[in-house]
Amino acid sequence: MADEATRVTGPTRTVSRRSWRISAHPVSWMLLACTTLPVLMTSIDATILASVLPFVKTHFGLDDTGPV
């Protein structure tokens with residue numbers, strides 16, 4: 001049985017670096033940023049803030065009801 005690396009079922013072509021370049025309309029990049037930012041903010045709020053908040057509260061002398 002032939003190795004998969006040696007089997008070629010169709011014509012081959014050389015892929016240049018230019019064909020891997022990502023190009024899109026600037027509006028597409030802005031929409032990507034506008035949808036990525038809320039996801040990032042949610043993950044920060046859910047993970048990082050929950051682990052850091054107790055230390056911040058003790059450092060600034062805060063309680064769940066307000067300043068101590």
Side-chain angles (χ1 to χ4, degrees):
M1 185 172 201
D3 190 22
E4 282 190 20
T6 59
R7 272 190 276 162
V8 177
T9 57
T12 60
R13 66 177 191 168
T14 305
V15 178
S16 67
R17 286 182 181 255
R18 187 174 181 154
S19 67
W20 287 94
R21 175 174 278 176
I22 299 172
S23 63
H25 196 272
V27 174
S28 298
W29 291 112
M30 289 300 296
L31 287 174
L32 180 65
C34 288
T35 55
T36 303
L37 188 61
V39 173
L40 180 65
M41 290 171 58
T42 304
S43 65
I44 288 173
D45 184 44
T47 58
I48 297 173
L49 189 61
S51 62
V52 173
L53 189 59
F55 300 110
V56 171
K57 285 169 50 175
T58 57
H59 179 73
F60 288 106
L62 299 174
D63 195 3
D64 289 336
T65 59
V68 176

Here the pair of heavy atoms bringing Ala46 nearest to Ala50 is O-CB, 3.7 Å
Would a hydrophobic clustering, with Ile, Leu, Val, Met, Phe, Trp and Tyr connected at side-chain separations under 4.5 Å, put Ile48 with Phe60?
yes
Test side-chain contact (heavy atoms from CB on, under 4.5 Å), reference Leu49, set Thr47, Val52, Asp45, output is Asp45
* Asked: Honestly curious: do Leu62 and Val56 fall in one hydrophobic cluster under the side-chain, below-4.5 Å linking rule?
  -> yes
dist Leu37:CG -> Leu32:CG (nearest 0.5 Å) comes out at 11.0 Å
Cluster membership besides Phe55, Ile/Leu/Val/Met/Phe/Trp/Tyr side chains within less than 4.5 angstrom, sorted by chain and number, is none
In this structure, OG1 of Thr36 is separated from CG of Leu31 (nearest 0.5 Å) by 10.0 Å
